[in-house]
Amino acid sequence: MKRIEAIIAILAIVSSTVPALAGEAETASVRNCTWCHGTSGRGFMTAPRLAGQRLQYIENQLLGFAEHTRDNPFSKQYMWGVAAALGPRAAHDLASYFSALTPNAASDGDSQLAARGRTIYVEGIPDSNIASCLVCHGPEAQGVREIPRLGGLSYYYLKGRLEQWGEGYHSAAVSPMPLIASKLSPKEIEALASYLSFVK
Ligand code: HEC
Ligand code: HEC
């Protein structure tokens with residue numbers, strides 16, 4: 001009888017500490033991301049904003065880093081190692097955590113170029129056969145399903161991403177973007193990145 005009571009007591013202790021440990025592990029793994037991606041996932045230096053990004057998109061990118069289909073220098077340097085260490089469950093939990101945070105706009109583009117950027121975003125450039133971005137990324141650039149939010153991402157990050165497809169990076173990832181972005185001129189990229197950095 002004494003032994004059974006002791007076992008029950010131990011079980012009670014174990015089961016009460018498990019959720020507490022899980023909670024600590026979660027904060028620790030979020031901190032593994034936010035020391036680069038900024039407080040509340042609001043971006044820092046070259047690490048983009050994750051707050052309010054689409055859950056499925058974040059998961060897909062983590063897979064892309066792990067499988068090396070997202071292959072520009074910063075991805076290689078900063079994200080390949082991080083993503084290799086994440087299981088699918090942790091990737092899903094982190095994606096769901098960051099997608100639920102409130103996004104904020106970087107507003108760091110050139111405001112004089114924003115109007116031109118908006119026109120391209122909404123209408124595309126029919127003469128150059130460039131599709132409207134709005135059709136996929138949504139009227140408020142908020143994204144939908146696995147298509148990412150672009151609104152409020154930083155000018156430098158957006159500009160870099162739009163240039164990379166034209167330079168041949170990320171070509172192994174299945175995405176319409178290499179075809180779309182490789183047709184944009186440097187001026188059009190600056191205008192789009194400027195506009196989008198201000199979108200709330
Ligand atoms: C050492 C710094 C560093 C750490 C730690 C880090 N990241 Fe990153 N992350 C970056 C950088 C830099 C980029 C931008 C890569 C590029 O320019 O393509 C990035 C890109 C990303 C992207 C792509 C976002 C987009 O809009 O396409 C996701 C998703 C991401 N990181 C998630 C995470 C998660 C989740 C963690 C924690 C498990 C994490 N990162 C930890 C530096 C870091
Ligand atoms: C046919 C649908 C479609 C159209 C049109 C489209 N996109 Fe995309 N875009 C996508 C998808 C899907 C992704 C995610 C790619 C991936 O998972 O690697 C993406 C990703 C992006 C990203 C990466 C965001 C990040 O967080 O790294 C940028 C920037 C982008 N698109 C800009 C644009 C711009 C600017 C236009 C208009 C000139 C445009 N897109 C038109 C579907 C589209």
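As the structure lists them, so they are numbered: ligands from 1, and atoms in each ligand from 1. Values reported hereafter were calculated over all heavy atoms of this structure, with side chains retained and with hydrogens, waters and symmetry mates removed.
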Can you tell me which portion of Asn32 lies within the under-4.0 Å heavy-atom range of ligand 1? Options are side chain, backbone, both, or neither.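 It is the backbone that touches ligand 1; the side chain stays farther off.
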Under a heavy-atom criterion of less than 4.0 Å, does [X] contact ligand 2?
X: Ile180; result: yes
X: Asn60; result: no
X: Tyr121; result: no
X: Ser132; result: yes

Given 3.5 Å as the limit, does a donor-acceptor pair link the side chain of Ser75 with the main chain of Asp71, or not?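 A pair under 3.5 Å: no.
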In terms of residue, atom name and distance, what is the protein heavy atom nearest to [atom]?
atom: atom 35 (C) of ligand 2; result: Cys133 SG, 3.6 Å
atom: atom 22 (C) of ligand 2; result: Trp165 CH2, 3.4 Å
atom: atom 42 (C) of ligand 2; result: Pro176 CG, 3.6 Å
atom: atom 26 (O) of ligand 2; result: Tyr57 OH, 3.3 Å
atom: atom 3 (C) of ligand 2; result: Cys136 SG, 2.7 Å
atom: atom 18 (O) of ligand 2; result: Gln61 NE2, 3.2 Å
atom: atom 30 (C) of ligand 2; result: Met177 CE, 3.5 Å
atom: atom 15 (C) of ligand 1; result: Ser75 OG, 3.8 Å

If we set the cut-off at 4.0 Å for heavy atoms, which region of [X] has an atom near ligand 2: side chain, backbone, both, or neither?
X: Ala173; value: neither
X: Ile120; value: neither
X: Tyr195; value: neither
X: Leu196; value: neither

Looking only at non-hydrogen atoms, which of [options] approaches [atom] most closely?
atom: atom 23 (C) of ligand 1; options: Gln164, Arg70, Arg149; answer: Arg70
atom: atom 20 (C) of ligand 2; options: Pro178, Ala141, Pro148; answer: Pro148
atom: atom 31 (N) of ligand 2; options: His137, Gln53, Lys183, Arg54; answer: His137

Is the ring pair His68/Trp80 parallel, tilted or perpendicular, if the boundaries are 30 and 60 degrees?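 His68 vs Trp80 ring planes: parallel.
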Hey, does Tyr157 come in under 3.5 Å of ligand 2, counting only N/O atoms on both sides?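 Yes, since at least one N or O of Tyr157 sits under 3.5 Å from an N or O of ligand 2.
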Sole residue of Tyr155, Tyr156, Tyr157 in side-chain contact (heavy atoms from CB on, under 4.5 Å) with Lys159: Tyr155
Just the protein N/O/S atoms under 2.8 Å from atom 8 (Fe) of ligand 1, please, no waters. His37 NE2, Met79 SD
Are more than 12 heavy atoms, taken from residues, nucleotides or ligands other than Gln112, located less than 6.0 Å from that residue's CD atom?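 Counting neighbours around CD of Gln112, 12 or fewer heavy atoms of other residues, nucleotides or ligands fall under 6.0 Å, so no.
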With hydrophobic residues grouped by side-chain heavy-atom distances under 4.5 Å, do Phe44 and Met79 end up in a single group?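 No: no chain of side-chain contacts under 4.5 Å links Phe44 to Met79.
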